[in-house]
Amino acid sequence: MAAEGGGRAAAGQLYLVDTIAGDPEALQADAETYYEKLVKKSLSTPDVFSIPGGGEVKLEDSCVCFVPLYRNNPACKLLLLTDPKDKETVLAVYLSQRWWPVEDVVKTADPSRDGLILVQTIGERIVLFVLNCIIFGMLEGSSANDAFFLPHSATECAKILWRNGEAAAFYSIKMKGSLCDGTTSQCYLLPVLDTIFVRRKYRRGGLGMKMLHDFCQSFLAEDALGISCPISAAMYQVCQKFLQAHLEEQKRLWEVEAPGDWSQRVNIWLKIQMESPPSRKAEVGSCMEKTPTSKPRQSDMDQMNKGVEYFPGVGKVAGVATEKKDDITAARTLNSQGPEGEDLEQGAGSAQQNKGLRKRPGPGDLAGDKASKQFKATP
């Protein structure tokens, strides 16, 4: 028997984000119960998963793995199914007593879910995770950087841009007054655009500009707004185009390092005028992520060494970390192609989520209870 590629919005059927509700812990408990039965081979449900587009995968414990949903809460996890022939490929996510294909997780049947919407529900948090850690971190991220990104925290302020019935992009913000990390008492002194990502098929359509404009409009009372440092050549293109169209923002946008005091800020428009942006060609895949030479924060590595390790998410995790980096100085390279600047892959190096860059870990690095698996999403 075959487990359907769940939740497909046919004949009035809704997608995951439209239906899921309740306590994340209850959802995890359900997944753990399923996993125990899978290990004991006592499932009454189908023992194979039908891959959308054709093919089947036998459901075995060797093909599944728990990974943390949130960066700051490794106890809250999701159960993922990987392709037995390619352990780097994530096929589905187990939620609400069924397997959901990755592409279905980021879809919606709700026509009101359109445009930029603040992430609030557990379903939206899961969509954010899949966009960030699976689609960007595994499928559409920059292979040249050979890096993963950590998940966002449970309280990360983020917006998902919905278009044509699916999640097309997202960006996250470090709010003014929020802690820079869990190891210091320093707080951000201004709102900071931390990460941003546009899915490949939606690039070059103005979505990067749309999100940057939304960020600025969300903080009209603020005299200064930040974008996580360092900013890539592609991100400079996006900023230049935006600031040429919105002259009133030229004095407000700053490239910043956490916590963002005046000694840690550089006016972006002035920098564009005074010097050429980095000559390094922007790579398809991340809006603001840490550069490959950056090292992960020690605090990230300390957390990752506690049992369950973080899933490649927005703040790149590296194999060896020796220096502590402020939240903003990690993973952020707005990679868009051409002057349109719409090839945003993952954004502004989320201080907390997208922090710390490192080489791609094996699956064991993501989930402490499963060894040797590194994932990427199926197209």
Side-chain angles (χ1 to χ4, degrees), residues 3-28 30-31 49-53 69-70 76 78-81 90-136 139-140 151-152 154-173 195-203 205-211 213-215 217-218 314 342 344 346-347 377-379:
E4 295 182 2
R8 308 179 75 79
Q13 194 169 8
L14 300 178
Y15 287 107
L16 176 70
V17 72
D18 304 318
T19 60
I20 193 170
D23 185 353
E25 294 182 0
L27 295 172
Q28 180 176 325
D30 178 60
F49 172 78
S50 296
I51 302 174
L69 173 61
Y70 302 122
C76 186
L78 291 179
L79 184 62
L80 305 183
L81 173 66
V90 176
L91 299 175
V93 180
Y94 187 85
L95 287 162
S96 298
Q97 302 183 351
R98 70 196 308 174
W99 285 104
W100 297 80
V102 169
E103 284 295 332
D104 282 0
V105 175
V106 296
K107 291 181 179 179
T108 180
D110 183 356
S112 67
R113 201 183 298 277
D114 185 63
L116 280 162
I117 297 179
L118 184 67
V119 173
Q120 295 179 303
T121 69
I122 177 60
E124 290 166 341
R125 287 286 169 190
I126 293 171
V127 171
L128 181 65
F129 172 88
V130 171
L131 280 175
N132 173 42
C133 297
I134 298 180
I135 294 179
F136 168 67
L139 177 63
E140 299 183 7
H152 295 86
T155 58
E156 189 88 3
C157 179
K159 288 185 178 182
I160 294 175
L161 197 161
W162 296 86
R163 177 162 291 188
N164 302 327
E166 63 181 351
F170 76 83
Y171 78 91
S172 68
I173 303 169
T195 64
I196 182 170
F197 169 63
V198 176
R199 296 192 65 184
R200 187 170 295 159
K201 61 183 175 181
Y202 286 103
R203 293 174 196 161
L207 300 191
M209 289 277 290
K210 183 179 181 67
M211 289 187 288
H213 183 257
D214 182 79
F215 169 64
Q217 290 297 299
S218 298
V314 181
E342 301 308 339
L344 310 191
Q346 164 99 12
T378 54

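Quick note: residue numbers are just sequence positions, from 1. The figures that follow rest on heavy atoms only: side chains count, while hydrogens, waters and symmetry mates do not.
- The side chain to side chain contact (heavy atoms under 4.5 Å, CB included) search around A158 returns V119, L128, S172, not counting sequence neighbours.
- Shown here for Y15 and A109, the closest heavy-atom pair between the two residues is CD1-N, 3.6 Å.
- Shown here are the side chain to side chain contact (heavy atoms under 4.5 Å, CB included) partners of E25, two or more places apart in sequence or in another chain: D23.
- No hydrogens or angles considered: a donor-acceptor pair under 3.5 Å links the side chains of S112 and D110.
- Of the residues N132, V106, T121, the one that meets the side-chain contact (heavy atoms from CB on, under 4.5 Å) test with V127 is V106.
- Going from atom CH2 of W99 over to atom CG of L81 covers 5.0 Å, rounded to the nearest 0.5 Å.
- Listed by chain and residue number, E32, C76, K77 satisfy the side chain to side chain contact (heavy atoms under 4.5 Å, CB included) test with Q28 (two or more places apart in sequence, or in another chain).
- Each of L207, D214, I117 was evaluated against L161; a single residue qualifies, L207, per the side-chain contact (heavy atoms from CB on, under 4.5 Å) test.
- Contact detail for L78 and F129: the closest heavy-atom pair is CD1-CD2, 3.8 Å.
- In this structure a side-chain-to-backbone donor-acceptor pair under 3.5 Å is present from D30 to Q97.
- Residue pairs meeting the salt bridge (Lys or Arg N to Asp or Glu O under 4.0 Å) criterion with at least one partner in residues 124-135, sequence neighbours excluded, are R113-E124.
- For the pair A168 and Y202, the tightest heavy-atom approach, listed with the atom from each and the gap, is CB-CD1, 3.4 Å.
- Taking CD of E166 as the start and CG of L131 as the end, the distance is 9.5 Å to the nearest 0.5 Å.
- M211 and V198 get closest at one heavy-atom pair: CE-CG2, 3.5 Å.
- Nearest heavy atoms, P24 versus I122: CG-CD1, 3.6 Å.
- Every residue was checked against the side chain to side chain contact (heavy atoms under 4.5 Å, CB included) condition with D114, not counting sequence neighbours, and none meets it.
- Within the model, atoms CG of L116 and CD of Q217 stand 12.0 Å from one another, a figure rounded to the nearest 0.5 Å.
- Checked options L95, I135, I126; the residue passing with V105 is I126 (criterion: side-chain contact (heavy atoms from CB on, under 4.5 Å)).
- Listed here is the closest heavy atom pair of W100 and L16: CZ3-N, 3.2 Å.
- Distance check: R199 CZ to F170 CZ gives 11.5 Å after rounding to the nearest 0.5 Å.
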